[in-house]
Amino acid sequence: MAPRKGTRRACDPCSVRKVRCDGDHPCSRCVAASWACTYLKTHGKSGPKGPRRTTEAAIRRLQERSRIGVDPPRSESEASFDDGSPSTIEFPLLDCLPPTGDPGYDSRFSGIGWPDVVTNSPFSEARREPERISTSSIGHYLDIYQTRGYPIWPVVDTEALLARLLMYPEDMEAYALGTAVCAATISQFRIDAEPGSPVEGHYRVSSGLFEQEAKRARAAFDHMEHVTTWSLLSSFFLHAYSANVGRMPASTVFLGETITKVHMIGLHKLSHYESMNLEQQQHDLRIYWLVFITERAHSIQQDVPVMLKRAPDLPPLEDLKDGTVTPAFVQLCRLFNILDVTITTDPSSAREALALAQHQLSDDVASQSLNNEIQRADISMTQQWMRIFLWQHALRVTNLASTNEDDEFSFSFPAKVAQNVLKYISSLSRESLEAHGPGMESKLFDIANSLADVMICVPSMNHESHFGIGPRDFIHSLSTLLSSFRGGNPAVINILQEKLTTLGLVVSSPQKLIDISSPEDEHDEWNGTQRSLTWSENALYATAQEIPSELGIGL
């Protein structure tokens, strides 16, 4: 095969699309797309293929600006090379902000103070102050967001955002959104590294520095007065970052700010969507539903009131089969809609609504059919967490009994949910659970904590089984899992440790696992069947085949 032809400089359409350019004039890609092949600026690096309609519009705007004599200021991040191969390129860490004479300059940036670890970077010498994170560094983490974060937060078009940053470096709204997304992505997937350390050709920037820059940029364009979907999303991703690093008061404030902007823009009103094309309509619907499900989960876990009301008359959220939204996200929205409908039901019909919701949430066919493991972990664990929450809600609105033919209204129900959780977890990797950050840890804790409370309040459940598996084994396994979470919450572990001590159980080390076995001629005390089970010391939890699909626990 003849070697592929490379070039040291890409044309503008290939630069904005982030695809390989052959260097001809015109290049073959521009000829195929019937675009004008211009060389007004260089690009950062090759990447995902396109183009979307927004990308084509960005290319045409760039070329139009050149024809009328408008030359946008260039940053050093835009002056990189493409040799036609996937070899690693070292990108600068910082860009210069526009000089004070530029129209886009804001005097509020004149006092930026940078940490020593940044200013001592080899790329930071001989630069003018003030400085900012380079577009290529932002692009590196936006690529990670697109690959790993977009299925969770399907609301940012990274191609359009990068095109905006390249064409208008002075656009503080785009810069704020880009840095906020990066802060949330780094903290969500725990890819923080020492700032300035070279990894994969990039000088990594800490999530904290991205957060600081997002806040400064938001102040520069006065996001409180200029409320758009981009300023709304920068608030949302700062909420996600704050929650990921354990700053819950700040995360609550940012989420409240996000919801206020939803109301100001009108995303909760049918009239907002009536004149939109389908693509824009679905994008704004994804924003509404993302904020809706985030607030519902945050409200339950942090015990704060909800602000965003359910809007049942909005157009349906659809999977357009174009990659803009995953089936898992549509399922997640459906689950939270079930939850919201149930807890807002009139008290006179609460028991019937709870029974219906538990029946709907017990159906795991849709979640288990998902091919993506991260999405499957999110949906299956969210379903079980919702079942526990609705069981807790039932304690306040209806009667429960120690023996009841309806499991959802019995005290044994948390044990059944814990059993289901362990069954699902057996088919999931640790990475798929930890990818969802503190939210997943909080859901698992709620399930384990509910089971521990029942075992303390109902002594008959705190039964030391020598012949099979039961609630004591479930609580031990969940506690072991939580204590071994990477970057786990010590407060969660301490609460469970105290309750396990009360129950006569101790999780001594996240690496030490329980070992349960029983002779074949002994009877399982929990279901009246013969049972023999051994948990390997190399496995954190039993496999789905080892745990019986139905384990009745009588009180």
Side-chain angles (χ1 to χ4, degrees), residues 77 91-95 112-121 123-124 131-153 155-156 158 161-162 165 172 174-219 223 230 233-255 257-258 290 294 298 374 431 434-442 485-489:
S77 67
F91 293 104
L93 174 64
L94 306 172
D95 280 349
I112 293 180
W114 289 85
D116 291 339
V117 70
V118 174
T119 56
N120 290 337
S121 164
F123 294 103
S124 63
E131 294 171 318
R132 74 178 195 181
I133 301 171
S134 70
T135 302
S136 57
S137 291
I138 295 173
H140 172 63
Y141 292 106
L142 288 182
D143 285 347
I144 299 175
Y145 161 82
Q146 187 66 40
T147 302
R148 302 174 63 184
Y150 188 87
I152 303 172
W153 307 306
V155 288
V156 176
T158 54
L161 179 56
L162 278 172
L165 289 169
M172 289 294 102
Y175 182 63
L177 176 57
T179 49
V181 171
C182 292
T185 300
I186 294 170
S187 58
Q188 177 80 10
F189 301 107
R190 296 182 175 132
I191 53 178
D192 246 326
E194 184 68 21
S197 61
V199 180
E200 300 174 358
H202 290 265
Y203 278 79
R204 286 197 171 182
V205 185
S206 72
S207 59
L209 185 55
F210 273 118
E211 182 231 11
Q212 293 174 24
E213 282 299 275
K215 288 181 176 178
R216 292 189 179 104
R218 280 154 53 88
H223 72 98
W230 276 19
L233 289 174
S234 68
S235 300
F236 174 83
F237 283 102
L238 287 176
H239 151 75
Y241 164 80
S242 300
N244 288 338
V245 299
R247 294 167 50 190
M248 302 316 297
S251 74
T252 302
V253 171
F254 278 122
L255 184 56
E257 180 182 290
T258 304
L290 178 62
T294 300
H298 186 83
I374 293 178
E431 291 73 20
E434 292 180 341
H436 298 284
M440 178 64 71
E441 186 178 14
S442 180
F485 253 53
R486 180 162 52 96
N489 185 350

Separation between CG of N244 and NE2 of H239, rounded to the nearest 0.5 Å: 8.5 Å

Got a second to check how far M172's CE is from R132's CZ, nearest 0.5 Å? 4.5 Å

L161 versus G178, closest heavy-atom pair with distance: CD2-CA, 3.8 Å

Could you grab the distance from atom CD1 of I138 to atom CG of L165, nearest 0.5 Å is fine? 5.5 Å

Nearest atoms (heavy-atom pairs only) where F210 meets S137: CZ-O, 4.4 Å

Would you check if the side chain of T185 reaches a backbone N or O of V181 as a donor-acceptor pair within less than 3.5 Å? yes

One pair to check against side chain to side chain contact (heavy atoms under 4.5 Å, CB included): V156 and F237. What are the steps and the verdict? CA-CA 11 Å; V156 176; F237 283 102; 3.6 Å; yes

Give the intermediate values and the outcome of side chain to side chain contact (heavy atoms under 4.5 Å, CB included) for residues E257 and H223. CA-CA 11 Å; E257 180 182 290; H223 72 98; 3.3 Å; yes

Is there a side-chain contact between I152 and Q188, using heavy atoms and a 4.5 Å cut-off? yes

S207 side, atom OG; Q212 side, atom CD - distance, nearest 0.5 Å: 10.0 Å

Using atom types as modelled and distance alone, determine if a side-chain donor or acceptor of Y145 lies under 3.5 Å from a backbone N or O of W153. yes

Under 3.5 Å: donor-acceptor pair, side chain of T179, backbone of A176: yes

Exam field: side chain H436 to backbone I374, donor-acceptor pair closer than 3.5 Å: yes

Can you check whether M248's main-chain N or O pairs, donor with acceptor, with S251's side chain at less than 3.5 Å? yes

Nearest heavy-atom contact between R247 and Y241 is NH1-CE2, 3.8 Å

For F254 and R218, which heavy atoms make the closest approach, and how far apart are they? CE2-NH2, 3.8 Å

When rounded to the nearest 0.5 angstrom, what is the spacing between CD1 in I186 and CD1 in I144? 7.0 Å

Would you check if the side chain of Y175 reaches a backbone N or O of I133 as a donor-acceptor pair within less than 3.5 Å? yes

Give, for atom SG of C182 and atom CD of E213, the distance between the pair rounded to the nearest 0.5 Å. 11.5 Å

Closest approach of A183 to S187 (non-hydrogen atoms, all atoms of both residues): O-OG, 2.9 Å

